[in-house]
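I have placed the structure first, in the form of structure tokens, so that the comments after it can refer back to it.
Computed from a predicted structure; not experimentally measured.
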Amino acid sequence: MKKFAFAIAAAGLITLAACSKPAPTTDNAANAVETDLSNQAAALDNEADVAANAAAVNATNTATVTYNSSVDSIRAEAEAAKKK
């Protein structure tokens with residue numbers, strides 16, 4: 001009978017140990033906050049890269065338009081000079 005009671009008690013303790021979850025700790029919360037902030041920083045960095053690329057594209061397009069206008073003006077002056 002003692003062995004039977006011991007087996008029942010052991011089974012109960014094993015079941016209890018398997019079902020219990022550790023309480024969240026401050027370290028877990030701090031790690032979650034750190035991960036979240038790190039993800040937000042990465043997202044902001046990506047947005048900054050996109051904005052910088054867009055600004056570079058706009059600057060390049062503006063320079064190209066200016067260059068093409070200059071080339072057109074020089075061609076027009078050269079054609080005018082040929083006709084004189």
Side-chain angles (χ1 to χ4, degrees):
M1 188 71 169
K2 288 182 182 181
K3 289 182 181 180
F4 181 71
F6 180 74
I8 296 288
L13 289 175
I14 290 171
T15 303
L16 181 62
C19 292
S20 67
K21 294 182 181 178
T25 63
T26 305
D27 290 338
N28 289 343
N31 288 340
V33 170
E34 178 185 6
T35 300
D36 185 50
L37 290 175
S38 180
N39 290 340
Q40 288 179 15
L44 288 174
D45 190 39
N46 289 338
E47 289 178 22
D49 288 345
V50 169
N53 288 340
V57 167
N58 287 337
T60 302
N61 288 343
T62 301
T64 301
V65 168
T66 302
Y67 174 77
N68 287 337
S69 295
S70 297
V71 169
D72 290 343
S73 296
I74 293 169
R75 284 184 182 147
E77 288 176 15
E79 288 295 321
K82 284 183 188 178
K83 292 180 182 179
K84 286 186 182 183

task: Could you tell me the separation between the OG1 atom of Thr66 and the CG atom of Asn61, rounded to the nearest 0.5 Å?
output: 10.5 Å
- line: Value for CD (Gln40) from CG (Asp45), rounded to nearest 0.5 Å, stands at 13.5 Å
- request: Just grab all the salt bridge (charged side-chain N to carboxylate O under 4.0 Å, His left out) pairs involving residues 64-79, residues at least two apart or on different chains.
  value: Glu79-Lys82
task: Could you list all the side chain to side chain donor-acceptor pair (under 3.5 Å) pairs where at least one residue sits in residues 47-59, not counting sequence neighbours?
output: none
